[in-house]
Number of protein chains: 2
Amino acid sequence: MTLAYPLTDARTARPASALTDAFERHGVRMTYARNEEIYAQDDEVELLYQVARGVVRTSRLTADGRRQVGDFYYVGDLFGLEPGPDHRFAAEALAECEIMVVRRSAVRAIAGDAALDRAILEAQRLEMERLQDHVVMLGRKSARERVASFLMSIAQRGPDDHADLAMGRQDMADYLGLTIETVSRMLTQLQGEAIVDFPSSRRFQIRKWTALEALAA
Amino acid sequence: MTLAYPLTDARTARPASALTDAFERHGVRMTYARNEEIYAQDDEVELLYQVARGVVRTSRLTADGRRQVGDFYYVGDLFGLEPGPDHRFAAEALAECEIMVVRRSAVRAIAGDAALDRAILEAQRLEMERLQDHVVMLGRKSARERVASFLMSIAQRGPDDHADLAMGRQDMADYLGLTIETVSRMLTQLQGEAIVDFPSSRRFQIRKWTALEALAA
DNA sequence: GCCGCGCCTTGACCCGGATCAAACGGCCGC
DNA sequence: GCGGCCGTTTGATCCGGGTCAAGGCGCGGC
């Protein structure tokens with residue numbers, strides 16, 4: 001993802017500096033290569049993570065190899081906040097990433113840091129709301145609607161109407177509960193209707209916001 | 001739901017008495033008729049609820065009338081724990097219910113009640129894990145697998161292998177992201193294979209646990 | 001008993017999305 | 001510039017589950 005403006009948490013639209021400070025003071029900066037695993041499914045939950053550069057995806061593999069992507073995390077986002085004793089989703093770097101990492105115990109030790117506390121609660125809230133939306137989407141939306149919702153949510157992150165997809169078609173498909181072919185077809189279809197425009201396969205622009213909004217349902 | 005054993009929280013297998021006490025002291029007991037709304041989608045979050053009798057379902061309606069059921073809550077379960085300022089799912093009584101209700105502010109006032117705090121955290125953890133499982137199910141499982149998982153999860157609640165469905169086929173379908181006809185067909189199919197047995201439409205017994213487990217994936 | 005009403009099941013058909021297969025296109029190494 | 005590779009698109013076909021339309025069945029009212 002290209003950073004169009006200074007380091008802020010795009011999801012809360014609040015400066016992330018207080019949070020970032022806490023991570024700088026108490027945490028470690030790690031670098032992960034493309035597709036490298038940050039933590040595994042069933043790993044013990046003991047760390048808290050923040051994206052400093054790059055994009056992260058969480059995913060879960062079923063016994064027979066089907067994959068469901070949980071979510072994507074961008075610069076400033078906290079992740080790894082699962083409430084149970086171990087991770088039910090793995091986390092991987094979508095592209096080369098820098099991740100700030102702190103131990104849960106360190107978090108507890110510096111509890112009272114109001115900015116950090118607020119940020120964690122806020123991240124948990126977002127996590128849950130996105131899970132709820134994900135359930136509704138997977139349970140009740142058509143392929144076309146899922147793809148439209150996805151493009152909307154990406155586009156809403158940036159200030160202008162041009163946006164970059166950090167992930168490939170397979171990751172989109174596994175997030176949306178579809179196949180790669182269906183995702184591709186829906187994109188072609190939306191482009192054919194001049195609702196969106198893809199100058200390249202990873203970059204797009206929304207041409208008809210209202211049409212896309214109506215589809216996203 | 002028929003109570004097979006004394007009032008305990010079936011999901012945590014811990015006696016619910018301490019929790020129940022807190023609700024008795026600080027809360028109000030309410031009665032709701034079948035299909036009555038306990039809180040609405042978009043209502044402000046201000047209360048905390050516990051099922052004392054009956055079964056509750058949460059659901060969300062899209063603009064064009066499609067419905068997704070979030071989850072079902074049984075005797076002892078806490079619900080209404082959404083972290084945002086307002087409810088994204090409504091809650092309704094599946095059958096006649098008694099619900100213990102306390103204000104969030106009262107909860108804050110008696111914070112430090114260790115049993116209550118633990119119970120709330122535990123309920124939040126369960127909520128999130130069930131959302132995660134729901135996402136994987138809706139994203140990546142076939143109709144047959146979804147129905148099988150659902151029956152498994154119901155059966156696991158009770159001590160014996162006979163179980164009652166508190167909900168009708170439409171509620172199951174809306175939980176599983178299917179239609180009522182598909183749910184019915186899958187049940188007939190599983191019964192045809194002697195994996196489960198339905199002596200009546202709301203009561204069933206699992207005959208081949210391993211087969212069902214394999215299906216539930 | 002018998003009717004009526006809700007809920008559930010069954011059947012026939014259709015369609016959206018999966019599957020299988022091939023072609024396309026951007027990008028990197030040479 | 002030219003191959004080869006990987007990710008994406010496109011095409012043809014299939015099939016799981018949705019849709020539409022009848023029955024069946026249990027239950028309560030009369």
Side-chain angles (χ1 to χ4, degrees), chain A residues 33-35 55 57 62 64-69 94-95 137-151 164-193 196-204 215 217, chain B residues 33-35 57 62 64-69 94-96 137-151 164-193 196-204 215 217:
Chain A
R34 179 179 140 88
N35 287 324
V55 182
R57 111 191 130 231
T62 63
D64 60 348
R66 282 174 284 184
R67 191 176 75 139
Q68 177 66 46
V69 167
L94 252 190
M137 186 181 79
L138 295 174
R140 289 300 178 217
K141 287 190 189 172
S142 69
R144 193 175 152 82
E145 292 169 331
R146 294 183 202 187
V147 170
S149 312
F150 187 72
L151 293 182
D164 283 311
L165 293 173
M167 70 297 293
R169 299 290 187 265
Q170 188 63 60
D171 283 328
M172 272 198 251
D174 288 346
Y175 175 75
L176 298 173
L178 299 171
T179 60
I180 186 177
E181 293 97 329
T182 299
V183 169
S184 182
R185 275 186 252 272
M186 294 302 118
L187 291 175
T188 315
Q189 189 181 311
L190 291 173
Q191 196 171 16
E193 297 164 24
V196 296
D197 180 47
F198 276 80
S200 80
S201 79
R202 293 289 188 106
R203 187 164 181 74
F204 71 98
L215 262 180
Chain B
R34 179 180 140 85
N35 285 326
R57 115 191 126 231
T62 63
D64 60 346
R66 282 174 283 183
R67 190 175 74 139
Q68 177 65 47
V69 166
L94 253 190
E96 190 176 287
M137 187 180 77
L138 296 175
R140 289 299 178 216
K141 287 191 189 172
S142 70
R144 194 175 151 83
E145 292 169 331
R146 294 183 201 187
V147 170
S149 311
F150 187 73
L151 293 181
D164 283 310
L165 293 173
M167 71 298 293
R169 298 290 187 264
Q170 188 63 60
D171 283 328
M172 271 198 253
D174 288 346
Y175 174 76
L176 298 174
L178 300 171
T179 60
I180 186 176
E181 293 97 327
T182 300
V183 170
S184 182
R185 274 187 254 270
M186 293 302 118
L187 291 174
T188 312
Q189 189 180 311
L190 291 173
Q191 195 170 18
E193 297 163 25
V196 296
D197 181 47
F198 276 81
S200 81
S201 78
R202 294 289 188 105
R203 189 166 181 72
F204 72 98
L215 262 180

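These numbers come from a predicted model, not from an experiment. The figures here come from the full heavy-atom set of this structure, side chains too, leaving out hydrogens, waters and symmetry mates. All chains are named by letter (A, B, ...) in the order of the sequence lines, taking the proteins before the strands, and each is independently numbered beginning at 1.
At the heavy-atom level, Arg34(B) lies under 4.0 Å from the strands shown only through sugar-phosphate atoms. Residue contacts shown for Leu187(B) are absent, as no nucleic acid heavy atom lies under 4.0 Å away.
Rounded to whole Å, the distance from CG on Leu190(B) to P on dT10(C) is 13 Å. Across the protein-nucleic acid pair, Arg144(A) atom CZ and dG16(C) atom P stand 11 Å apart, rounded to whole Å. Across the protein-nucleic acid pair, Met186(B) atom CE and dC15(D) atom C1' stand 12 Å apart, rounded to whole Å. Whole-Å rounding puts the Ile180(A) CD1 to dC24(C) C1' distance at 14 Å. To the nearest angstrom, C1' of dG26(D) lies 17 Å from CZ of Arg203(B). Remark: P of dG16(C) and CG of Leu215(A) are 14 Å apart, rounded to the nearest angstrom. Between Arg202(B) atom CZ and dC27(D) atom C1' the separation is 13 Å, expressed in whole Å. Rounded to whole Å, the distance from CZ on Arg146(A) to P on dA18(C) is 8 Å.
With DNA chain C read from its 5' end, the first of the two nearest nucleotides for Phe198(B) and Ser142(A) is the one closest to Phe198(B). For the pair Thr182(A) and Thr182(B), nearest-nucleotide mapping onto DNA chain C gives the more 5' position to Thr182(B).
Distances shown here put every side-chain N or O of Ser184(A) at or beyond 4.0 Å from the OP1 or OP2 atom of dT8(D). For the OP1/OP2 pair of dT9(D) and a distance below 4.0 Å, the side-chain nitrogens and oxygens of Thr188(A) include no atom meeting the criterion.
A 4.5 Å side-chain heavy-atom check between Leu187(B) and Leu151(B) finds at least one atom pair inside the cut-off. Using a 4.5 Å heavy-atom cutoff, the side chains of Leu215(A) and Leu190(A) are in contact. Within the 4.5 Å cutoff, the side chain of Arg146(B) has heavy atoms near those of the Leu138(B) side chain. Contact of the Glu145(A) side chain with the Arg140(A) side chain is not registered, since no non-hydrogen atoms from C-beta on lie closer than 4.5 Å.
Annotation for Arg34(B): atom CZ does not count as buried by contact number, only 12 or fewer foreign heavy atoms lying within 6.0 Å.
In this structure, of dT19(D), dG17(C), dT9(D), it is dG17(C) that holds the atom nearest to the side chain of Leu178(A).
Within 3.5 Å, a donor on the side chain of Glu181(B) pairs with an acceptor on the base of dC20(D), or the reverse. For Arg185(A) against dG16(C), no side-chain N or O and base N or O form a donor-acceptor pair under 3.5 Å.
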